[in-house]
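Here the structure comes first, spelled out in structure tokens, and everything after it is commentary.
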Amino acid sequence: MYGASAADKGLLIDVSHNIELLANRTGSGRLHAGFQSLSNLVGDAQAARIYERLAASGVEVHVYGVPDTETTVPGVTVHEEDTEEMADSWFVVYDGDGDPERQAALLAHELDTDNVYDGFWTYKSDIVTRIDDYLTATYLDGAATVGGRSD
């Protein structure tokens, strides 16, 4: 496990891309990604393309954020969550399609200073599984639709 105390946005973007790359290479499994506000995904054409490609590769992709814009990414399940937890959290969690050697997670919380975060990233299967289980139980069970917005 690696800590990210007072980490800047650039470091977290790099870690996120590594997890996305792992998911893309695997081409299956489930990936959760929290963007704080959904406009952070929609406003970044590169990120939207990455997530669309992940979904097209066979990865079950779920994105989360405060609903501050219309959000549709083909093949991606969008979860509009107007909660403090989503507004303050940045996460990318990949379940490795059940393979402990391919699991990874980034979990960070924005500090009071804009674009400065506290958190960690890990490749430890037990920790990744606990985060995935929490997101699934809290936000997935009976929630959203593919390619559109959650209900």
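Bear in mind that the values here come from a model prediction, so they are computed numbers and not experimental data.
- A heavy-atom distance below 4.5 Å is found between the side chains of Ile19 and Leu31.
- Counting heavy atoms from C-beta outward, Gln103 and Asp132 have side chains that stay 4.5 Å or more apart.
- For Ala105, the side chain to side chain contact (heavy atoms under 4.5 Å, CB included) partners are Val93, Thr122, Val128, Ile131, not counting sequence neighbours.
- Leu12 approaches Ala108 most closely through the heavy-atom pair CD1-CB, 4.0 Å.
- Side-chain atoms of Glu81 never come within 3.5 Å of backbone atoms of Gly65 as a donor-acceptor pair (strictly under, hydrogens ignored).
- The heavy-atom pair separating Leu22 from Ala104 by the smallest distance is CD2-CB, 4.0 Å.
- Here the closest heavy-atom approach between residue Thr83 and residue Tyr139 is recorded as OG1-OH, 4.1 Å.
- Smallest separation of non-hydrogen atoms from Arg102 and Tyr94: O-CD2, 3.3 Å.
- The line from OG of Ser37 to CE of Met86 is 11.5 Å long, rounded to the nearest 0.5 Å.
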request  = Mind running side chain to side chain contact (heavy atoms under 4.5 Å, CB included) on Phe120 and Ile127 for me, showing each step along the way?
outcome  = CA-CA 11 Å; Phe120 65 92; Ile127 297 171; 4.0 Å; yes
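- Rounded to the nearest 0.5 angstrom, Ile50 CD1 and Asn24 CG are separated by 9.5 Å.
- With a 4.5 Å cut-off on side-chain heavy atoms, Val42 and Glu70 do not count as touching.
- In summary, the aromatic rings of Phe91 and His32 are positioned with their centroids too far apart to meet the 6.0 Å limit.
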query = Leu140 and His79: side chain to side chain contact (heavy atoms under 4.5 Å, CB included), yes or no, with the steps?
reply = CA-CA 8 Å; Leu140 288 189; His79 300 268; 3.2 Å; yes
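- In this structure, the separation between CZ on Arg53 and CD on Glu20 is 11.5 Å, given to the nearest 0.5 Å.
- Checking side-chain atoms of Thr136 against main-chain N and O of Asp133 turns up no donor-acceptor pair under 3.5 Å.
- Here the closest non-hydrogen pair linking Arg30 and Asp95 is N-OD1, 2.7 Å.
- Once rounded to the nearest 0.5 Å, the distance linking NE2 of His109 with CG of Asp118 reads 8.0 Å.
- Proximity of Leu38 to Val78: side-chain heavy atoms (C-beta onward) are separated by under 4.5 Å at one or more points.
- Taking the side chain as every heavy atom from C-beta outward, Leu21 and Arg25 approach each other to under 4.5 Å.
- The closest side-chain heavy-atom distance from Val59 to Thr26 is not below 4.5 Å.
- Here the closest heavy-atom approach between residue Ser39 and residue Asp68 is recorded as OG-OD2, 2.5 Å.
- You'll find the side chain of Tyr64 stays beyond 4.5 Å of the side chain of Ser89, heavy atoms only.
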